[in-house]
There are 4 protein chains.
Amino acid sequence: MPRPRSDDKRAAIMTAATQIIAAQGLSAPTAAIAREAGVSNGSLFTYFSTKADLLNQLFLELKTEMGHAASAGLPADAEPRDQLEHLWKRWLDWATANPDKRRVLALLGVSDEVTPTTHTAAGRSMSGLAAVLEWSRAEGPMADEPLSFVLGLSNALAETTIDFMIREPEHAPAHSAAGFSALWRLLA
Amino acid sequence: MPRPRSDDKRAAIMTAATQIIAAQGLSAPTAAIAREAGVSNGSLFTYFSTKADLLNQLFLELKTEMGHAASAGLPADAEPRDQLEHLWKRWLDWATANPDKRRVLALLGVSDEVTPTTHTAAGRSMSGLAAVLEWSRAEGPMADEPLSFVLGLSNALAETTIDFMIREPEHAPAHSAAGFSALWRLLA
Amino acid sequence: MPRPRSDDKRAAIMTAATQIIAAQGLSAPTAAIAREAGVSNGSLFTYFSTKADLLNQLFLELKTEMGHAASAGLPADAEPRDQLEHLWKRWLDWATANPDKRRVLALLGVSDEVTPTTHTAAGRSMSGLAAVLEWSRAEGPMADEPLSFVLGLSNALAETTIDFMIREPEHAPAHSAAGFSALWRLLA
Amino acid sequence: MPRPRSDDKRAAIMTAATQIIAAQGLSAPTAAIAREAGVSNGSLFTYFSTKADLLNQLFLELKTEMGHAASAGLPADAEPRDQLEHLWKRWLDWATANPDKRRVLALLGVSDEVTPTTHTAAGRSMSGLAAVLEWSRAEGPMADEPLSFVLGLSNALAETTIDFMIREPEHAPAHSAAGFSALWRLLA
DNA sequence: CATGAATGAGCCTTCATTCAT
DNA sequence: GATGAATGAAGGCTCATTCAT
């Protein structure tokens with residue numbers, strides 16, 4: 001598959017898809033996405049062979065972006081708790097700063113359109129987080145659980161905390177702090 | 001005295017909707033639901049004025065059923081921890097025993113078709129859980145957080161635990177136990 | 001076909017049909033008519049075997065009522081012009097006083113649902129008018145035209161005059177007078 | 001440069017709509033119109049956003065065509081009576097030569113689907129007729145009536161005459177002549 | 001006879017995808 | 001490669017009519 005001519009257009013479609021899907025849900029017409037992106041109806045399909053393809057790539061891209069945002073500037077020498085808190089804050093900052101992306105990620109996360117393959121690939125973007133989590137829980141009560149389960153529980157706490165931060169922005173810092181201390185109690 | 005509206009038929013549509021939506025997602029055709037329920041296409045609309053209406057009632061009904069299942073046989077004199085554990089187990093048992101209902105509940109929970117009004121009404125079915133949670137966290141680190149936030153975090157842990165129990169049934173009891181102890185650490 | 005039990009119900013359906021059709025057009029659901037009439041959905045069909053049947057009977061009844069309204073109190077000894085003017089006024093009075101009936105008559109008049117048979121039967125209610133018209137035009141320029149044509153032209157003038165009287169009630173008397181003098185010029 | 005929108009196709013849909021609606025009434029399915037036009041079901045909606053839109057444009061187009069047909073070759077220097085007679089004949093010729101268009105015009109004229117805006121726009125196509133009428137009635141008994149009323153009455157005579165010409169083609173010329181002389185008596 | 005639930009054909013419109021230009 | 005017209009399957013909902021009660 002030769003890379004299509006314009007990366008700009010591809011990116012424009014991705015951005016447009018995020019906006020439109022955040023606003024209208026996954027059933028948003030591809031035509032609406034194309035219009036928002038400033039490309040034609042048909043062009044969308046030269047960049048993405050099907051709507052499902054677009055959705056899968058979008059999921060992967062957003063999840064990757066989220067993973068990078070969380071990991072940026074991670075203090076490699078710090079204590080596990082400090083590293084984890086760093087990740088937590090960055091993650092939540094990214095999510096609250098990008099509510100559209102966050103919403104789309106949530107929608108895609110439960111959609112059948114996103115294949116297991118994509119989910120697996122997307123999981124890789126959380127490997128930094130996974131490593132810190134692994135380290136953090138090593139001595140604690142979760143030491144013997146499957147890492148994936150611990151990751152899942154941690155993720156659930158983060159998502160919920162994000163929801164409340166978006167819903168009640170005036171208490172966002174308090175929610176973030178309370179969420180993190182809850183996570184730490186859970187792990188260590 | 002015409003043929004009276006049949007509760008059986010209404011229930012059959014609800015059951016069919018659960019099965020079909022669990023299998024095909026929320027975009028499942030009403031015709032498929034009607035067929036599965038053994039009623040005509042048009043009959044569905046004498047019981048539910050709209051597909052959205054059906055979805056809202058289904059959400060309410062499933063959530064209520066879940067709430068009842070969790071609360072049944074709650075030992076009113078027991079310690080908070082025992083009461084909470086009772087709720088936790090019943091809840092997770094119901095969810096793992098009814099994966100279709102659970103999946104539909106998850107799909108509807110994030111759908112725009114379900115109105116805020118329905119969400120509010122459905123929330124009432126969790127009041128028993130809320131009360132026990134309130135009591136459980138009273139002396140702990142979450143004492144000063146909004147109850148809704150505590151409820152949200154607890155719910156997130158439960159949902160995640162359920163996911164893993166369904167995905168890895170052989171470890172279901174272990175997941176359930178680990179999830180509960182995590183919850184308790186979070187609260188007390 | 002034995003006469004159905006209740007003439008009241010039949011009449012209620014007719015009245016309701018007039019109101020509902022005036023408001024919603026000929027595509028108004030039979031269910032809406034039944035509801036307005038205070039009878040059940042199904043009962044309507046014991047009084048009228050089909051919707052088309054209802055429409056035909058309604059047309060006949062309204063046209064007959066209109067004919068009677070026009071002819072009532074006709075001064076049998078008066079000059080043709082006075083008799084015709086009497087008919088004209090009564091007709092227009094009835095129509096402006098009963099805009100719903102008038103509108104329904106207009107809708108049915110151009111509908112395929114109303115059969116030629118019904119049109120023929122309805123035409124009989126205008127026989128009084130036809131006679132006066134026949135007499136009025138006997139010496140005039142329309143003497144040799146088919147009476148039906150003269151009747152049609154006269155009817156057209158009346159309908160148009162009614163339209164304007166309803167649309168501009170403040171000029172209703174002026175329109176009525178102008179319309180009649182135009183008719184008389186046409187005939188004599 | 002994609003396939004350009006085709007005027008032919010648009011015209012084909014209009015023609016098909018005229019035929020199908022003349023035969024089946026305004027409730028004719030859009031699918032039948034599309035099939036008759038030789039386009040797909042969906043294509044109809046790239047040319048007309050809505051069935052109502054199609055109906056409005058059809059009304060406007062037919063009425064405009066009728067107005068042009070009536071006015072073509074109008075002898076600008078002739079006497080009012082001759083000009084009016086010219087219009088009358090052309091109008092009736094067009095109508096009797098195009099009974100389908102005429103029928104559709106009649107159906108649309110009383111339909112709620114056609115908006116007041118469309119009616120207003122369509123009225124403009126009769127401005128030539130209006131001018132001649134204005135001139136014709138200037139010295140006569142209708143001199144003081146609103147022009148719209150005079151126009152309405154004239155229109156009514158024309159429509160009725162057309163009906164009879166179509167119904168009894170063998171007397172068409174006689175009806176046309178009688179109708180015109182009636183009109184002239186009405187005006188002058 | 002009254003009632004209103006049951007039926008299912010039918011309709012308008014949408015939309016992912018294809019393809020002529 | 002870009003464009004947007006063309007396609008036609010699909011879906012939610014309506015409604016005249018029938019029929020069980």
Side-chain angles (χ1 to χ4, degrees), chain A residues 2-6 9 27-35 38-55 113, chain B residues 1-6 9-10 27-35 37-55 113, chain C residues 2-6 9 27-35 38-55 113, chain D residues 1-6 9-10 27-35 37-54:
Chain A
R3 179 161 328 175
R5 187 74 71 70
S6 158
K9 270 183 195 169
S27 61
T30 53
I33 295 170
R35 192 179 328 118
V39 303
S40 77
N41 202 342
S43 272
L44 189 148
F45 290 91
T46 72
Y47 290 90
F48 305 93
S49 59
T50 65
K51 184 180 185 178
D53 180 32
L54 165 60
L55 262 21
E113 307 272 26
Chain B
M1 272 126 271
R3 207 175 325 185
R5 210 180 276 200
S6 150
K9 220 160 266 188
R10 207 195 95 101
S27 59
T30 53
I33 295 170
R35 191 178 331 116
V39 302
S40 80
N41 210 324
S43 269
L44 189 149
F45 291 93
T46 73
Y47 289 89
F48 305 94
S49 59
T50 265
K51 185 180 184 181
D53 180 33
L54 165 61
L55 261 23
E113 306 274 27
Chain C
R3 176 158 334 171
R5 188 75 71 70
S6 158
K9 268 181 197 172
S27 60
T30 54
I33 295 170
R35 191 178 330 118
V39 302
S40 78
N41 202 343
S43 272
L44 189 149
F45 290 91
T46 70
Y47 290 90
F48 305 93
S49 60
T50 66
K51 184 179 185 180
D53 180 32
L54 164 61
L55 261 22
E113 307 272 28
Chain D
M1 272 128 273
R3 206 173 325 186
R5 212 181 276 199
S6 151
K9 220 160 268 188
R10 206 195 94 101
S27 60
T30 53
I33 295 171
R35 192 179 330 118
V39 301
S40 78
N41 209 325
S43 271
L44 189 148
F45 291 92
T46 72
Y47 289 89
F48 305 95
S49 58
T50 265
K51 186 180 184 181
D53 180 33
L54 165 60

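Protein chains get the first letters and strands the later ones, always in sequence-line order, with residue 1 at the start of each. Both backbone and side-chain heavy atoms feed into the values below; hydrogens, waters and symmetry mates do not.
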Report, as a single string ordered 5' to 3', how protein heavy atoms within less than 4.0 Å touch nucleotides 7-13 of chain E: B base, S sugar-phosphate only, - not at all.
BB--SSB
Value in whole Å for how far the [atom2] atom of [N] lies from [atom1] of [X]:
X	N	atom1	atom2	answer
D:Arg35	F:dA6	CZ	P	18 Å
A:Leu54	E:dT17	CG	C1'	14 Å
D:Arg10	F:dA5	CZ	P	14 Å
C:Ile33	F:dT17	CD1	P	11 Å
B:Leu55	F:dC13	CG	P	10 Å

Holding to side chain to side chain contact (heavy atoms under 4.5 Å, CB included), I want the full list of residues that pass it with [X], two or more places apart in sequence or in another chain.
X	result
A:Phe45	A:Thr30
C:Ala34	C:Val39, C:Leu44
D:Thr46	none

Duplex segments of DNA chain E, taken as runs of at least three Watson-Crick or G-U pairs that stay under 3.5 Å:
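If one scans DNA chain E for consecutive Watson-Crick or G-U pairs, the stems found are E:2-21 with F:2-21.
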C:Ser40 meets the side chain to side chain donor-acceptor pair (under 3.5 Å) criterion, sequence neighbours left out, with C:Ser43
At 4.0 Å (heavy atoms only), tell me whether C:Phe48 reaches a base, stays on the sugar-phosphate, or touches nothing.
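No contact.
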Should A:Tyr47 be listed as having a side-chain N or O under 4.0 Å from OP1 or OP2 of F:dG1?
no
Kindly compute the distance separating CZ (C:Phe48) from CG (C:Leu55), expressed to the nearest 0.5 Å.
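Going from CZ on C:Phe48 over to CG on C:Leu55, the span is 10.0 Å.
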Quick check against the 3.5 Å criterion: does A:Tyr47 have a side-chain atom that pairs as donor or acceptor with the backbone of A:Leu54?
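Answer holds: no.
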Please give me the minimum heavy-atom distance between C:Ser27 and C:Lys51, naming the atom from each residue.
C-NZ, 3.8 Å
